[in-house]
Amino acid sequence: MSRDWILHVDLDQFIAAVELLRHPELRGRPVVVGGTGDPTQPRTVAATATYEARAHGVHSGTPLRTALRRCPGAVFLPTDPPAYEAASARVMAVLREFPVRVEVWGWDEAFLGAITDDPETLATDLRDAVRTRTRLECSIGIGDNKHQAKLASGLAKPAGIHRLTTDTWAETMNDRPTDALWGIGAKTSRKLAALGLHTVAQLAAADPAELARHFGPTNGPWYRYLALGKGEAEIVTTPWIARGHSRETTFTDDLTDRDAIARHVADLADQVTQDATAAGREITRVSVKIRFSPFLTRTRQTKLPAPTTDPATVTRTALAVLDRFDLDRPVRLLGVGVDYTMPDP
DNA sequence: TCTGGGGTCCTAGGACCC
DNA sequence: TCTGGGGTCCTAGGACCC
């Protein structure tokens, strides 16, 4: 019987896999990708690491200098976003050749909506086509909604196919910790544990009003909803409309000079405005982010009196927002972000 | 582990208005 | 006048995700 299914396609080790296609001689060696590829650069972290590097305790997010210490024999490569963008586009094009609705979810993921009586065969065909046409491996999860499909693709790794539906949810998920759910991270999991809610089953059986008291009227009941295996099942094939945009820079050496800080903020504001204009968007709000040494992050923001595309207005506003900070300690990061006018729905 | 960059959404509290 | 209640907008921060 044909029915609607949600599939989640997750490219395995996407960035590392793209790099290994370009550098086949590195296959089987520990490879770490991040920053400019210079492992002595401080304040730079790995974007990804191959399984061989992971065996040495190097993961995505590991500082490169730590990676070098743990795995001196690793090959370090710079990140190359345009290359990943291009590889991602090739994969999405392959997916779109199938009779499915495709919702792109970042570089290395997509949700698919499909009507079929045999989702496993469809998934196998998709995986084989991606492999043949792009030489990239992917895992595919099958579910009744995005949440189930997303968790299923995680269970399918590497290069496998897994089905997780409402029928099998409880037996698969009930004994897992709450942070196994998509949308519950370390912080929330710890708070839930403090309430005696350690497993998915315990969260599913919790009182929604009690959860609302601790986590707010939306989040509290939503966590229980996740634990019951529910989730969004609508596939949106139209391109995502960004809510905003930002740029930020972490400095190798802290900034202390006020003029230098102001210059950087002005540069970021100008860049962000150019980005907005290139995207054909208007700016409604300007925010400035400062991370002070050692690691204290603060933001200030202001709504513009009217939407603008004018770099001078945005820069002037960003500098005025900057003036509201106490610049009383060294600065390790500066960022400027903007909100966009949203088109009428 | 001395901790990137780019996003999204939610919450809480204050200002302001009726 | 000696203090209510609700609605909306704005800001700062937090959590999560890739």
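Throughout, a chain's letter reflects where its sequence line sits, starting with A, and its residues are numbered from 1.
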> Ring of A/W182 versus six-membered ring of C/dC17: centres under 5.5 Å and planes under 30°?
Replying inline: no
> Base, sugar-phosphate, or nothing: which does A/R332 touch, judged by heavy atoms less than 4.0 Å apart?
Replying inline: base
>> Base, sugar-phosphate or nothing for A/T62? Non-hydrogen atoms, less than 4.0 Å.
In response: nothing
>> In whole Å, I'd like the distance from the CD atom of A/E109 to the C1' atom of C/dC18.
In response: 7 Å
> Contact class for A/K150 vs. all strands (heavy atom < 4.0 Å): base, sugar-phosphate, or nothing?
Replying inline: sugar-phosphate
> After noting the C-alpha distance and the side-chain angles of A/R133 and A/E97, does the key distance pass the salt bridge (charged side-chain N to carboxylate O under 4.0 Å, His left out) rule?
Replying inline: CA-CA 12 Å; A/R133 301 273 300 282; A/E97 289 174 12; 3.0 Å; yes
> Between A/P42 and A/K289, who's closer to the 5' end of DNA chain B by nearest nucleotide?
Replying inline: A/P42
>> Counting only heavy atoms from other residues, nucleotides and ligands, does the tally under 6.0 Å from CG of A/D175 exceed 12?
In response: no
> Side-chain N or O of A/T218 less than 4.0 angstrom from OP1 or OP2 on B/dC10?
Replying inline: no
> How far, in whole Å, is B/dC2 from C/dC18 if one measures between their P atoms?
Replying inline: 25 Å
> Which of these, A/W222, A/Y225, A/F111, A/W169, sits in a ring pair (Phe, Tyr, Trp, His ring centres under 6.0 Å) with A/H147?
Replying inline: A/W169
> Hey, does A/G244 reach any base, or is it just sugar-phosphate, or nothing, if we go heavy atoms under 4.0 Å?
Replying inline: sugar-phosphate
> Heavy atoms under 4.0 Å, any strand shown: does A/G183 hit a base, just sugar-phosphate, or nothing?
Replying inline: sugar-phosphate
> Can we say A/D80 and A/R22 salt-bridge, meaning some charged N sits less than 4.0 Å from an Asp/Glu carboxylate O?
Replying inline: yes
> Are any of the side-chain nitrogens in A/D179 or A/K187 under 4.0 Å away from the carboxylate oxygens of its partner?
Replying inline: no
> Any idea which heavy atoms bring A/A206 and A/L197 closest together, and the distance?
Replying inline: CB-CD1, 3.8 Å
> So does A/T66 get a side-chain nitrogen or oxygen closer than 4.0 Å to the phosphate oxygens (OP1/OP2) of B/dC2?
Replying inline: yes
>> Regarding A/A242, tell me which of base, sugar-phosphate or nothing describes its non-hydrogen contacts under 4.0 Å with the strands shown.
In response: sugar-phosphate
>> Between C1' on C/dC9 and CZ on A/R285, what's the gap in Å once rounded to a whole number?
In response: 10 Å
>> Is there a side-chain contact between A/R69 and the phosphate of B/dT1, meaning an N or O under 4.0 Å from OP1 or OP2?
In response: no
>> Just the rounded figure in Å: distance from P of C/dC16 to CD1 of A/I184.
In response: 8 Å
> Atom OH of A/Y223 to atom P of B/dC10: distance rounded to whole Å?
Replying inline: 11 Å
> Does A/R291 place a side-chain N or O at less than 4.0 Å from the phosphate oxygens OP1/OP2 of B/dT3?
Replying inline: no
> Side chain of A/K187: nearest nucleotide among C/dA15, C/dC18, C/dA12?
Replying inline: C/dA15
> A/T273 and side-chain contact (heavy atoms from CB on, under 4.5 Å): which partner among A/V336, A/V314, A/D310?
Replying inline: A/V314
> Is any side-chain nitrogen or oxygen of A/T250 closer than 4.0 Å to OP1 or OP2 of B/dT3?
Replying inline: no
>> Just to be sure I understand the rule, does A/W240 reach a base, reach only the sugar-phosphate, or reach nothing, if contact means heavy atoms closer than 4.0 Å?
In response: sugar-phosphate
> Where the side chain of A/D10 meets the backbone of A/K157, is there a donor-acceptor pair that is under 3.5 Å apart?
Replying inline: no
>> Looking at C/dA12, I'd like to know if its phosphate oxygens (OP1 or OP2) sit under 4.0 Å from a side-chain N or O belonging to A/R324.
In response: yes
>> Return whichever of A/R213 or A/L333 has its heavy-atom-nearest nucleotide of DNA chain B closer to the 5' end.
In response: A/L333
> Separation of A/F325 atom CZ from C/dT11 atom C1', in whole Å?
Replying inline: 12 Å
> Which of the following nucleotides, B/dG5, C/dA12, B/dG7, is nearest to the side chain of A/Q301?
Replying inline: C/dA12
> Any side-chain N or O of A/R298 under 4.0 Å from OP1/OP2 of C/dG13?
Replying inline: yes
> Choosing from B/dC10, B/dT3, C/dA15, which nucleotide comes nearest the side chain of A/T188?
Replying inline: C/dA15
>> Just to verify, which of A/R332, A/R291, A/R43 counts as forming a salt bridge (Lys or Arg N to Asp or Glu O under 4.0 Å) with A/D254?
In response: A/R43
>> Mind checking if A/A186 touches a base, just sugar-phosphate, or nothing, with heavy atoms under 4.0 Å?
In response: sugar-phosphate
> For A/T302, which contact category applies under a 4.0 Å heavy-atom criterion: base, sugar-phosphate, or nothing?
Replying inline: sugar-phosphate
>> For a quick check of understanding: with a heavy-atom distance under 4.0 Å over all strands, which category does A/H59 fall into, base, sugar-phosphate or nothing?
In response: nothing
>> Whole angstroms only, please: what is the CD-P distance between A/Q271 and B/dG6?
In response: 10 Å
>> Once you apply a heavy-atom cut-off of 4.0 Å, does A/R65 come out as touching a base, just sugar-phosphate, or nothing?
In response: nothing
> Out of C/dC18, C/dC10, B/dG4, which nucleotide sits closest to the side chain of A/K303?
Replying inline: C/dC10
> Going from CG on A/L136 to CG on A/D12, what distance comes out if it is rounded to the nearest 0.5 angstrom?
Replying inline: 9.5 Å
> Does A/S246 put a side-chain nitrogen or oxygen below 4.0 Å from OP1 or OP2 of B/dG7?
Replying inline: yes
>> Heavy atoms only, 4.0 Å cut-off, all strands: where does A/T249 land among base, sugar-phosphate and nothing?
In response: sugar-phosphate
>> Expressed as a whole number of angstroms, how long is the span from A/R243:CZ to B/dG7:P?
In response: 13 Å
> Between A/L334 (CG) and B/dG5 (C1'), how many Å, whole number?
Replying inline: 14 Å
> In dot-bracket notation, what is the pairing pattern of DNA chain B, taking Watson-Crick (N1-N3 plus N6-O4 or O6-N4) and G-U wobble (N1-O2 and O6-N3) contacts under 3.5 Å, with [ ] crossing and | for other strands?
Replying inline: ....||||||||||||||
> If you check every side-chain atom of A/E248, which of B/dT3, B/dT11, B/dG6 has the closest atom?
Replying inline: B/dG6
